[in-house]
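No experiment lies behind these values; they were computed from the predicted model shown. Proteins get letters first, then strands, A, B, ... in listed order; numbering begins at 1 in each.
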Amino acid sequence: MSHKQTKLTQNPLQKIWVPWMSSKLSRRRGSSVPQFTNSPTMIVMVGLPARGKTYISKKLTRYLNWIGVPTKVFNVGQYRRDAVRTYKNFEFFRPDNEEAMKIRKACARSALSDVGTYFMLEHGQAAVFDATNTTRERREIILSYAKDNGYKVFFIESICDDPEIIAENIKQVKLSSPDYIDCDKEEAVADFLKRIECYKVTYVPLDDDKDSHLSYIKIFNVGSRYLVNRVQDHIQSRIVYYLMNIHVTPRTIYLCRHGESELNLVGRIGGDSGLSPRGSQFAGALGKYIKSQSIPDLKVWTSHMKRTIQTAEALGVAYEQWKALNEIDAGVCEDLTYEEIQANYPEEFALRDQDKYRYRYPKGESYEDLVQRLEPVIMELERQENVLVVCHQAVMRCLLAYFLDKSAEELPYLKCPLHTVLKLTPVAYGCKVESVSLNIEAVNTHRDRPANVEVSREPEEALLTVPDHI
Amino acid sequence: MNSGEGCSEEIPLPSSPRELTQNPLKKIWIPCKNGLPEKHIFQRKVCMTNCPTLIVTVGLPARGKTYISKKLTRYLNWIGVPTKEFNVGQYRRECVKIYKSFEFFSPDNEEGLKIRKQCASAALNDVRQYLTDEGGQVAVFDATNTTRERRDTITRFAEQNGFKVFFVESVCEDPAVINENIVQVKLGSPDYTHCNTDEAVEDFMKRIKCYENSYQTLDEVLDRDLSYIKIIDVGRRYLVNRVQDHIQSRIVYYLMNIHITPRSIYLCRHGESDMNVKGRIGGDSGLSLRGKDFARRLGQFIQKQDISDLKVWTSQMKRTIQTAEGLNVPYEQWKALNEIDAGVCEEMMYEEIQDHHPLEFALRDQDKYRYRYPKGESYEDLVQRLEPVIMELERQENVLVICHQAVMRCLLAYFLDKSAEELPYLKCPLHTVLKLTPVAYGCKVESIFLNVDAVNTHRDRPENVEVSRMAEEALYTVPAHQ
């Protein structure tokens, strides 16, 4: 065994220690990214129409991407709409419609092929195959495709007999589907129900005996019961945990930052200062606003930092402090102004502008670290109903990115101004956002990415986008 | 699925917000009046649930109920949820001093039935006391609970006392698994001290038979309103019904990640670092010469152990990575395994901490578990940070974790069921590998010193922890360094 001690060098962006290699081709032994799984995973939905498959597919994909697992949805219905330009009626889905069957099979194959491309050429790690997949035959095709290519397969079956839930689904997402653009409501509903009947004839649910060797989760009646079979690895375990925590009960999430702080006023980052007079005003205004919203059973969460707690104190309700909601740790740059960072750490400042998501402050954190830290917060937000989260700029950006499905590139530049409440309401497949400014003046703390991000740039170029302060 | 937990008491909007003061030990901001902290501070604890929870095991003998009860209790206590298990068999052994034979469990043994009912009641009584009077949050009621009648009694009891109920049923028909159970934990039971192996096994099999006829498994339809998890064949399949709140969700997640495949976990610290030698804490220094020697020896040790499919994990700090590099195998870097953040005290010697922050130094000695360094972390914070590491360790098989003193203490406390009081003082010396192997209901520990000298970095709790103490008293237990 070689006894040569490898030298280590610290990657300047992420501050990760790596062996210093003269040959750039040698694979680095130490992975600094969590190893979710060895092989790409196909997540395969199963269920009759209007059972929430697409809802689950999109939500799960959003979550996986946010925690850093490149994931993409492949909706076979979309492929079908691309192949058959105009949708006439439910007859297309009749099990004896041979012409249509051919088209539908071809669409499924095309989607599978794209899954392969996503994994092999686009570095995808998980693909959600969103279709009814209600026959054993169809599932066999998928399984053998996966086997041939070394992909793992995890099935998610949604089973629901509650006519109210199905009717609500149809209302929320089917009526506005491209398939029914030229129909009136009653026509659409009638047609869709007949469509469901077409599938019922041939529907074979995952069988606890015949399919006992497969990995799957069965969700009954929107989560009152789950059957989990043969979880193979970490990512499947995380997927199961996530699916078991989400719900569809209508509710609202309010996100805002603490009121303007003393350090905000003087353009300093981080620290643990108290509210400025305007910040206290905001806290009062927030209290009035929350009262006016008459939210049943509102939970209020803050960080452990003085400024969020002072803000919550003004609401007059019980609140919970989460250390995980603390602002990003700026390490050696804590309490500095951007001008001071440029003066003392110009290279760090430039690196941050080059890749703001992955950049880690010396002895501090990166946005990437923040996301990992905030995952339990997101999980609990999924479990909860009405919640107000009083947090910080970087933290709020991360949470917002999760709800609005923003990429790692966009996340660190999301606009989260002081004294503004974002009201998020889940609707259809996404999230409605209402921005409510409480009309109390505050400094701007948003620094855009400057044009020149090279280490060689002049200080003025670096400081061009720094917002005004005292 | 979920319930409105926690409370939203409405207080009229105050005309001016309350003053905040920072608790000196934990660095938590709390409202105060006239300089004195007011109660009414909610800090995120694991289960902000109003009511205590009663976890009830269900299953035939030798299905792993006690194994699950103990493991779950250990996990919940470690993450900060005061939990206690109540094993009805234990109550029976105390009541009926000598166990004769399986006849005791025969369904037509009226005398036996009476005693067993009494024992269950006594245990429930103690549960009530624990959850209501002793600050317990979760109680694990470990018994067969195989009849619907018994379960209804428990459910009624819980309702009367305002406890939530969550059933954990273990179903298994694999004779190999059942046999292994019997060998591992029944033969050594007090019930069979005076029997030879064959006698014991035979008697126990007949004991199981006594329960089989009256066993009513949790039913999809009849029990659809209950909250439960059914574990089938040691985790191949799970049925989860009506998870009510956060803590039940966490329990389900934990139960779905544990396994009983034999394996070993190796814990060690990085090799001696330059900072260690100087008696400084924290920082991100490299290995000393002796530390590098340890890394080499560690590599040799691991090779000799011939471990199949070993995963190696390090922190993201230079010293653990340098150590792993010496093994010549792939490793994974976890930020969560980084050493405790000593905040303003980073890179200081204990003497300097005493000099510059004597109050902090004393507070730390007063409650080392909860004490948070200014702008840093506490052991309590560390445990929360390490929870995903523990969860993944449960999922994995053979793993070597190269970490740091405080981190290793936290992980060790989880495996060896050490309290918050003991945890910060667990001995984790440099250059020593701890090999943990699960056995029966616990964990066997082997300590292997790899014969490379290193400084001692263990500072015991000094006698005098008062703020008023002299510097010498504070520094009494500081280990020697350059």
Side-chain angles (χ1 to χ4, degrees), chain A residues 1-3 5-6 8 10 15-17 19 29-32 34-35 208 212 223-231 234 237 240-241 244-245 247 274 280 283-284 287-288 291 297-299 304-306 309-310 313-324 334 363 369 372 380 383-385, chain B residues 1-2 4 6-14 17-18 20 22 27-29 31 40-44 48 224 236-243 246 249 252-253 256-257 286 292 295-296 299-300 303 314 316-318 321-322 324-326 328-335 346 381 384 392 395:
Chain A
M1 183 170 66
S2 142
H3 289 289
Q5 284 282 337
T6 342
L8 291 184
Q10 196 176 42
K15 313 299 187 289
I16 304 277
W17 287 102
R29 266 198 296 271
S31 151
S32 63
Q35 299 289 280
D208 294 334
S212 65
S224 71
R225 195 163 94 243
Y226 305 91
L227 207 154
V228 181
N229 198 67
R230 287 197 191 275
V231 169
H234 178 92
S237 167
V240 165
Y241 185 45
M244 287 176 42
N245 280 313
H247 66 79
S280 299
K288 291 208 188 74
K291 246 201 146 106
D297 243 330
L298 177 73
K299 299 276 162 66
H304 275 196
M305 297 180 142
K306 189 173 187 185
I309 297 164
Q310 273 183 311
E313 274 288 315
L315 306 178
V317 298
Y319 56 88
E320 239 183 275
Q321 297 185 18
W322 289 69
K323 186 168 193 280
E334 278 284 317
K363 303 194 178 177
D369 295 328
Q372 201 166 55
E380 191 56 19
R383 292 195 54 79
Q384 291 290 340
E385 291 181 22
Chain B
M1 257 192 299
N2 60 51
C7 40
S8 275
E9 333 157 345
E10 270 275 359
I11 307 169
L13 288 176
R18 295 183 288 189
L20 292 184
Q22 194 178 41
K27 312 302 187 287
I28 306 277
W29 287 101
H40 181 73
I41 139 103
F42 287 108
Q43 202 216 352
R44 178 69 199 179
M48 279 303 283
R224 64 180 171 280
R236 187 179 49 76
R237 173 185 299 180
Y238 304 91
L239 225 148
V240 181
N241 200 66
R242 292 201 187 276
V243 170
H246 178 92
S249 167
V252 165
Y253 185 45
M256 286 176 45
N257 280 314
K292 289 183 182 150
R296 278 191 285 271
Q300 288 163 354
Q303 268 223 332
T314 69
Q316 288 190 349
M317 297 182 140
K318 190 175 184 182
I321 297 163
Q322 267 185 310
E325 278 289 320
N328 251 313
V329 295
Y331 56 89
E332 235 184 277
Q333 296 185 18
W334 288 69
K335 188 169 192 276
E346 277 284 317
D381 295 328
Q384 198 167 57
E392 191 56 22
R395 290 196 54 79

(request) Decide yes or no for Met244(A) and Ser249(B): does some side-chain heavy atom of the first lie under 4.5 Å from some side-chain heavy atom of the second? (result) no

(request) Specify the closest pair of heavy atoms between Lys318(B) and Leu8(A), including all atoms of both residues, with the distance to one decimal. (result) O-CD1, 3.8 Å

(request) Kindly compute the distance separating CG (Leu20(B)) from CD (Gln310(A)), expressed to the nearest 0.5 Å. (result) 5.0 Å

(request) Please state whether the side chain, the backbone, both or neither of Glu346(B) comes within less than 4.5 Å of a heavy atom of chain A. (result) neither

(request) Give, for atom CG of Asp208(A) and atom CG of Leu239(B), the distance between the pair rounded to the nearest 0.5 Å. (result) 8.0 Å

(message) Test side chain to side chain contact (heavy atoms under 4.5 Å, CB included) on Arg225(A) and Val240(B); report intermediate values, then the result.
(response) CA-CA 6 Å; Arg225(A) 195 163 94 243; Val240(B) 181; over 6 Å; no

(request) Can you tell which part of Asn241(B) gets under 4.5 Å to a heavy atom of chain A, answering side chain, backbone, both or neither? (result) both

(request) Return yes if some donor-acceptor pair links the side-chain N/O of Gln333(B) with the main-chain N/O of Trp17(A) below 3.5 Å, else return no. (result) yes

(message) Which residues pass the ring pair (Phe, Tyr, Trp, His ring centres under 6.0 Å) test with Tyr253(B), not counting sequence neighbours?
(response) Tyr241(A)

(request) Mind listing the closest non-hydrogen atom pair of Met305(A) and Trp29(B) along with its distance? (result) C-CD1, 4.1 Å

(message) Given heavy-atom pairs under 4.5 angstrom as the criterion, report whether the side chain, backbone, both or neither of Gln10(A) touches chain B.
(response) side chain

(message) For the backbone of Lys335(B) and the side chain of Gln372(A), can you confirm whether one donor and one acceptor N or O come within less than 3.5 Å of each other?
(response) no

(message) Quick check: do Arg230(A) and Arg236(B) have side-chain heavy atoms less than 4.5 Å from each other?
(response) yes

(message) Restricting to salt bridge (charged side-chain N to carboxylate O under 4.0 Å, His left out), what partner residues turn up for Lys15(A), sequence neighbours left out?
(response) Glu348(A)

(request) Would you please test Ser212(A) and Arg237(B) for side chain to side chain contact (heavy atoms under 4.5 Å, CB included) and show each step? (result) CA-CA 9 Å; Ser212(A) 65; Arg237(B) 173 185 299 180; 3.8 Å; yes

(request) Could you tell me which portion of Arg395(B) (side chain, backbone, both or neither) has an atom closer than 4.5 angstrom to a non-hydrogen atom of chain A? (result) side chain

(message) Taking the side chain as everything from C-beta on, heavy atoms only, tell me whether His246(B) gets closer than 4.5 Å to Glu380(A).
(response) yes

